[in-house]
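These notes concern the structure reproduced below.
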Amino acid sequence: MNHLIRTSFITVLFLLGTVLLTGCGSSDGKKISEPLPVKPATGQAGDGNLADIVEYIRIDEGLPALAAVLVYDGQIVEMAATGTRKINSTTAVTIDDKWHIGSLTKSMTSTLAAMLVQQGVLSWNTTIVDVYPELSGVMNVNYENIQIDQLLSHTSGMRANLPSVNSYQNSSLDIESQRQQMIEEALMLSPEVNEGQFLYSNLGYMVAGAMMERLTNTSWETLIENNLFNSLAMTSSGFGIPDVQDNLSQPVGHLSQGSGWQANNTDNPAVMGPAGIVHSSLEDMANYLAAHLAGARGNDVSGLLTAEEFSKLHTPADNSEYALGWVISENLLWHNGSNTKWLADVKISPEKNAAIFIVTNAADLQDGQNSSSYKAVDSLTDELVKRLEARYGN
């Protein structure tokens, strides 16, 4: 049975949730219309033709840019990026470019938590009140004994988003102070569902990240860099929009606007970091996926985590298909992410010893079955699986 199956965009679990639909985008383009080349043969992984396949799918769906990387047995087999960094621009994307990965950040936050458990900084049953004893009797009583693994598996009961999150966009406070302020707001809110019931919660990840900051006196960003990025040589990864200088040095995200695209170089507030504001290159994501692939196959990853520690990350909560930053379905680990201007998708198949990362700098999620970005991810996943099977026969 093919376990690196595509996951229908209709059932995709997403995303970052609270988004900024305003900002500095300009109405500088309609849906891209380019001559469609002859459809390339599927071929096999590593034959040098992936760029042609990516380009065909990108043009067919009218996207500014599209990129992918395929990992097998811990190594990059092939990767490609085609299109432009911004609509109506001639600046082409490259395989070294950085891409916003949205809620794929969640598995990184969970991986960081596992590393801090390994270091003895916290335990999986560390509760909110353990970290914020001064809020005992002040916070909503339902949250006092919520554990960090409940926050990371979306079973804390916490609501999906912080209602006031957009007010943090232009905050003058440093990021750790912002997260402390966020905690004081979040823990006063009533739960949206009962403890133990699944509800996809960006807020839960924000609270978990703030807990890690309090325990280490270090920002979540620095913790991620020092523990995860450095351990996996993810030297091209960072936070927020990739094109921070707004000079097309990196790709720009795009919103769907009517029948076209609108460039929009904004992101969600930094306070949402643990829930989804990482950007990364294809090679960095390959390094990250290779580590989780190895862990899912029962192997230790030196300098990162043991197989047992990976197992905790990859085991769903009770009565759920969601683990700690991963959806577990048919022996597949997967997730996707978007801040409504990008769409990123990962799939890991321990059985096939393979992993895929696909990303585009445009998102039209509200279009459902007609979403160009979803359909591109779907089609490219199919092609990559066929190419994998053609080469390795599994």
Side-chain angles (χ1 to χ4, degrees), residues 15-26 98 100-103 105-106 108-109 112-113 116 128 131-135 138-140 143 148 151 158-189 201-229 237-253 255 262-280 337-342:
L15 292 163
L16 206 46
T18 301
V19 293
L20 298 173
L21 297 180
T22 60
C24 61
S26 59
K98 303 170 184 179
H100 197 287
I101 67 170
S103 284
T105 303
K106 288 183 171 69
M108 295 182 178
T109 296
L112 171 63
L116 295 180
I128 294 176
V131 180
Y132 297 101
E134 75 277 13
L135 296 180
V138 178
M139 74 174 79
N140 188 297
Y143 297 139
I148 196 163
L151 293 166
M158 202 160 282
R159 60 184 62 193
N161 294 293
L162 183 70
S164 64
V165 70
N166 283 345
S167 68
Y168 287 82
Q169 185 65 36
N170 298 309
S171 175
S172 60
L173 298 175
D174 64 78
I175 191 59
E176 292 170 78
S177 297
Q178 289 183 48
R179 292 201 176 108
Q180 178 62 33
Q181 179 180 326
M182 175 273 298
I183 282 287
E184 293 170 1
E185 291 184 43
L187 298 184
M188 303 305 140
L189 300 172
S201 174
N202 295 308
L203 184 55
Y205 267 78
M206 292 161 66
V207 171
M211 290 170 66
M212 295 181 226
E213 288 188 341
R214 167 64 77 90
L215 290 169
T216 60
N217 293 313
T218 307
S219 72
W220 168 84
E221 287 83 354
T222 299
L223 289 171
I224 286 282
E225 288 175 339
N226 291 347
N227 288 274
L228 185 65
F229 293 171
S237 297
F239 310 98
I241 56 173
D243 187 30
V244 66
Q245 296 177 325
D246 201 20
N247 62 359
L248 291 189
S249 60
Q250 294 294 331
V252 172
L255 292 166
Q262 179 185 47
N264 188 299
N265 203 24
T266 64
D267 198 7
N268 289 282
V271 72
M272 293 187 70
I277 65 167
V278 165
H279 64 248
S280 198
S338 175
N339 67 352
T340 73
K341 287 147 275 196
W342 307 71

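Along the sequence shown, residues carry numbers from 1.
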I'd like to check the ring pair (Phe, Tyr, Trp, His ring centres under 6.0 Å) partners of Tyr205; sequence neighbours left out, ordered by chain and number. His154
Nearest heavy atoms of [X] and [Y], plus distance in Å:
| X | Y | value |
| --- | --- | --- |
| Ile101 | Met108 | CD1-CE, 3.6 Å |
| Thr266 | Asn339 | O-ND2, 3.8 Å |
| Ala270 | Glu221 | O-OE2, 4.1 Å |
| Ser103 | Asn202 | OG-OD1, 4.3 Å |
| Leu135 | Leu187 | CD1-CD1, 3.8 Å |
| Met272 | Asn161 | CE-OD1, 4.4 Å |

Say you draw a straight line from [atom1] of [X] to [atom2] of [Y]; how long is it, rounded to the nearest 0.5 Å?
| X | Y | atom1 | atom2 | result |
| --- | --- | --- | --- | --- |
| Lys106 | Ser201 | NZ | OG | 8.5 Å |
| Leu215 | Leu116 | CG | CG | 8.0 Å |
| Ile175 | Phe239 | CD1 | CZ | 10.5 Å |
| Ile183 | Gln178 | CD1 | CD | 13.0 Å |
| His279 | Thr105 | NE2 | OG1 | 10.5 Å |
| Met158 | Leu189 | CE | CG | 8.0 Å |

Worked check of side-chain contact (heavy atoms from CB on, under 4.5 Å) between Leu223 and Thr218: CA-CA 7 Å; Leu223 289 171; Thr218 307; 3.9 Å; yes
Step by step, work out the side-chain contact (heavy atoms from CB on, under 4.5 Å) result for Val271 and Gln169. CA-CA 8 Å; Val271 72; Gln169 185 65 36; over 6 Å; no
Spell out, as yes or no, whether a donor-acceptor pair under 3.5 Å connects the side chain of [X] to the backbone of [Y].
| X | Y | value |
| --- | --- | --- |
| Tyr132 | Met139 | no |
| Asp243 | Pro251 | no |
| Gln262 | Leu255 | no |

Can you find a heavy atom in the side chain of Met182 that is under 4.5 Å from one in the side chain of Val207? yes
Sub-4.5 Å side-chain heavy-atom contact between Asn265 and Ile241: yes
Step-by-step side-chain contact (heavy atoms from CB on, under 4.5 Å) determination, Val165 to Met206: CA-CA 11 Å; Val165 70; Met206 292 161 66; 4.3 Å; yes
Asn170 meets the side-chain contact (heavy atoms from CB on, under 4.5 Å) criterion, sequence neighbours left out, with none
Short side-chain donor-acceptor distance under 3.5 Å, Glu184 and Gln180: yes
One pair to check against salt bridge (charged side-chain N to carboxylate O under 4.0 Å, His left out): Arg159 and Glu185. What are the steps and the verdict? CA-CA 12 Å; Arg159 60 184 62 193; Glu185 291 184 43; over 6 Å; no
Look at atom CD of Gln245 and say whether more than 12 heavy atoms of other residues, nucleotides or ligands are closer to it than 6.0 Å. no
What do the steps show when you test Glu213 against Arg179 for side-chain contact (heavy atoms from CB on, under 4.5 Å), and what is the final call? CA-CA 9 Å; Glu213 288 188 341; Arg179 292 201 176 108; 2.6 Å; yes
